[in-house]
Amino acid sequence: MKRTVYIIAFIFLGLIVSTLVHAALEMPILWLVSSDYERYANSLLWQHWELMHHTVAVGLWVMGALVGYKLGKRYWHILYVEKRYGEKKW
């Protein structure tokens, strides 16, 4: 049970990080398009924005969940199986 909660927490962390990455990618693009709308209104980027937005969002969420799962399993193994906590410095 403890292992499952640990891995789910890492998956949740991966989803949060992927959402932040999505925002960091999307905000400058939207700022660019909205600052000079006449220039970018007919561009391929803006015409297919909704499709690209959803595709990238789903891709980032899937990657975030997978990376969170892998890291959760890895760090569970390091901390609870190998018991590598680090050496005491005193």
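Source: prediction; values computed, not measured.
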Only distances under 3.5 Å count here; give the side-chain donor-acceptor pairs of residues 69-79 to other protein atoms, sequence neighbours excluded, each with its distance to 0.1 Å.
{"residue": "H77", "atom": "NE2", "partner": "E82", "partner atom": "OE2", "Å": "3.3"}

Show me the donor-acceptor pairs, under 3.5 Å and distance only, between side chains in residues 11-30 and residues at least two apart or in other chains.
{"residue": "S18", "atom": "OG", "partner": "G14", "partner atom": "O", "Å": "3.4"}
{"residue": "S18", "atom": "OG", "partner": "L15", "partner atom": "O", "Å": "2.9"}
{"residue": "T19", "atom": "OG1", "partner": "L15", "partner atom": "O", "Å": "2.9"}
{"residue": "T19", "atom": "OG1", "partner": "W61", "partner atom": "NE1", "Å": "3.4"}
{"residue": "H22", "atom": "NE2", "partner": "E26", "partner atom": "OE1", "Å": "2.7"}
{"residue": "E26", "atom": "OE1", "partner": "H53", "partner atom": "ND1", "Å": "2.7"}

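M1 belongs to a hydrophobic cluster whose remaining members, ordered by chain and number, are V5; membership requires side-chain heavy atoms of ILVMFWY residues under 4.5 Å apart, directly or through intermediates. The hydrophobic side chain of I8 is isolated, with no ILVMFWY side chain under 4.5 Å apart from it.
Connection of M63 to I7 is not established within any shared hydrophobic cluster, with ILVMFWY side chains joined at heavy-atom distances below 4.5 Å, either directly or through further cluster members.
The side chain to side chain contact (heavy atoms under 4.5 Å, CB included) check on V62 picks up V58, L66, with sequence neighbours excluded. Residues passing the side chain to side chain contact (heavy atoms under 4.5 Å, CB included) test with N42 are Q47, sequence neighbours excluded.
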